[in-house]
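Numbers here simply count residues along the sequence, with the first being 1. Values reported hereafter were calculated over all heavy atoms of this structure, with side chains retained and with hydrogens, waters and symmetry mates removed. Nothing here was measured: the structure is a model prediction, and the numbers come from that model.
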Amino acid sequence: MTTSFFRNALILGLLTAIGPFAIDMYLPAMPSIGRELGAENSAVQLSLLAFFISFAIFQLLYGPLSDMWGRKAPLYIGIGLFAVASIGCALAQDIETLVAFRFLQGIGGAAGMVIPRAIVRDMHTGVQAARLMSLLMLVFSISPILAPLTGSAVIEFYGWRGVFWAVMIAAFIGLILLSTQLKETRPSAARAESGLGSAMSAYRLLLGDRNFLTLTFIGGLGISSFLVYLANSPFVLIDHYGLTPTQYSIAFSINAVSFFAVSQLTGWLGDRFGLVRVMRMAVTAFALTMAAMVVVMSLGINQLPVMAAFLFVGYGFLGLVIPTTSVLALEDHGEIAGTASALMGTLHFVTSAIAMVIAGVFFDGTALPMAIGIALCAVGAFVLTQATIGRRRVVEAGAAAE
């Protein structure tokens, strides 16, 4: 792999991480935000949900725009809006204002999530795309490792408002990298046939593509399992288990280490076994691990180290699920990669938002309801995989991906 390959992975990973960075840095601050703004936990969680909703929906806009205008222009718009909204969050004096600006932040951050995946598809297909996607995930995974720790340090010295000033700076760094280091990968000739009508036709095509939808929802359920943990873990680990914000950040980061470390095996395993076989194996192991966690915790063995061990193993397998499902879903849609990436991202986060709402209804401040929500998402991904991707199709799809 060349230097440019790694440089592209670094830049695309950083652009992708800007939005999630605003989530992961924010997590240790959630209890203190509630105290300072006089808001209940449910209202503080709404500020997180508002981000996810706009983050999901507006990917549908950026995808077609990136097919029509090229990849860079919509990225400038999105990251610029994200930076402005971050200032609004930092200056918010009540929870309603914070929720409103978090919604705007999600609109801007959506560009960084959807367009880098399209750029990967512009550059590569098959196992090479999986390698680049896994490297992108490596950089992207810096966010849940460093962001909570950085957030804790920022909160300690500058309070929770400092988190939003920090992500504003990250957004400006992203704009500089975008303007100086990333080339346009959507040539003018390819844009000529892209328009509103073609975008609508593309969405109809994708919504009728069973293979695309199946792979998207398998990946979406995997992401949902992590976001259920993300939304509830500050209250479980800090309020229930008694961790400090810094200890919470370390515990949260450990799962990200597992995720990105295992994801780096995607290319090697894909070369040897085929991407679809790797995906099936990873989904199965992921579901078994999370289901076993619930069984053990239901028996009363629910100490934090026990739960943490299961999550570490389970999210390692998830590190194989996400890049393989993403690459395979986009494989046949190079001409509409932006639109396909947008629909994939929206369906991922709509699925995650639904899972977060359902898990929130049953959340009682203890660890078991959160663990059950995580496991149900993982088992759902397994059931969908078994029901829709048979062994015969695995052989055919695996060969095609290579």
Side-chain angles (χ1 to χ4, degrees), residues 117 126-127 129-130 133-134 137 206-229 255 258-259 262-263 265-295 310-311 313-333 340-341 343-355 358-359 371-402:
R117 279 198 304 255
V127 173
M133 190 71 77
S134 62
M137 290 291 173
L206 293 166
L207 289 170
D209 185 336
R210 180 185 175 189
N211 185 58
F212 173 83
L213 291 177
T214 295
L215 290 162
T216 294
F217 279 115
I218 292 169
L221 285 166
I223 291 172
S224 297
S225 74
F226 184 75
L227 295 184
V228 167
Y229 174 70
N255 293 322
S258 174
F259 177 91
V262 177
S263 74
L265 299 175
T266 304
W268 179 76
L269 291 171
D271 267 335
R272 186 166 183 179
F273 301 109
L275 293 179
V276 183
R277 287 192 182 91
V278 173
M279 182 204 72
R280 281 173 56 91
M281 177 277 295
V283 168
T284 301
F286 174 53
L288 287 174
T289 302
M290 296 313 195
M293 174 179 68
V294 170
V295 171
F310 277 109
L311 291 173
V313 175
Y315 287 137
F317 288 116
L318 184 61
L320 295 174
V321 174
I322 303 305
T324 52
T325 54
S326 297
V327 168
L328 289 167
L330 296 176
E331 191 75 22
D332 298 328
H333 300 292
S341 178
L343 183 58
M344 176 194 297
T346 294
L347 293 176
H348 280 175
F349 282 92
V350 167
T351 303
S352 299
I354 293 170
I358 294 173
I372 291 173
I374 292 169
L376 286 175
C377 293
V379 171
F382 171 77
V383 171
L384 183 58
T385 301
Q386 296 301 311
T388 58
I389 303 180
R391 293 187 179 279
R392 180 178 177 182
R393 187 174 179 185
V394 168
V395 175
E396 296 170 352
E402 294 167 2

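- With a 4.5 Å cut-off on side-chain heavy atoms, Thr214 and Thr385 do not count as touching.
- Atom CG in Leu330 sits 10.5 Å away from atom CG in Leu343 (nearest 0.5 Å).
- When all heavy atoms are compared, the tightest approach of Thr266 to Pro323 is OG1-CG, 3.7 Å.
- Atom CG in Leu311 sits 14.0 Å away from atom CZ in Phe259 (nearest 0.5 Å).
- Closest non-hydrogen pair, Phe286 versus Gly314, comes out as CD1-O, 3.2 Å.
- Between Thr351 and Ile223, the closest side-chain pair of non-hydrogen atoms is not below 4.5 Å.
- Looking at heavy atoms from C-beta onward, Thr216 lies out of side-chain contact with Leu206 at the 4.5 angstrom threshold.
- Under the 4.5 Å side-chain criterion, counting only non-hydrogen atoms from C-beta, Leu215 is not in contact with Met344.
- Contact check for Asp209 versus His333: side-chain heavy atoms found under the 4.5 Å cut-off.
- A distance of 11.0 Å separates CD1 in Ile322 from CE in Met279, rounded to the nearest 0.5 Å.
- Under the side chain to side chain donor-acceptor pair (under 3.5 Å) criterion, Ser352 pairs with Ser224, sequence neighbours left out.
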Check: Yes or no on side chain to side chain contact (heavy atoms under 4.5 Å, CB included) for Phe317 and Ser258, after CA distance, side-chain angles and deciding distance?
Finding: CA-CA 8 Å; Phe317 288 116; Ser258 174; over 6 Å; no
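- Taking 4.5 Å as the limit, every side-chain heavy atom of Leu221 sits out of range of all side-chain heavy atoms of Leu376.
- Minimum heavy-atom separation, Cys377 to Val228: SG-CG2, 4.5 Å.
- Between Phe226 and Tyr315, the ring center distance clears the sub-6.0 Å criterion.
- A distance of 12.0 Å separates CD of Glu331 from OG of Ser326, quoted to the nearest 0.5 Å.
- Residues passing the side chain to side chain donor-acceptor pair (under 3.5 Å) test with Thr325: none are found, sequence neighbours excluded.
- A distance of 14.0 Å separates OG1 of Thr324 from CZ of Arg277, quoted to the nearest 0.5 Å.
- The two residues Ala375 and Met290 come nearest to each other via the heavy atoms CB-O, 3.5 Å.
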Margin query: Walk me through whether Leu213 and Leu347 qualify under side chain to side chain contact (heavy atoms under 4.5 Å, CB included).
Written below: CA-CA 9 Å; Leu213 291 177; Leu347 293 176; 3.9 Å; yes
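- Gly222 and Ser225 get closest at one heavy-atom pair: O-OG, 2.6 Å.
- Separating the CZ atom in Phe217 from the OG1 atom in Thr388 is a distance of 11.5 Å, to the nearest 0.5 Å.
- Annotation: side chain of Met281 is not in contact with side chain of Phe273 (no heavy-atom distance under 4.5 Å).
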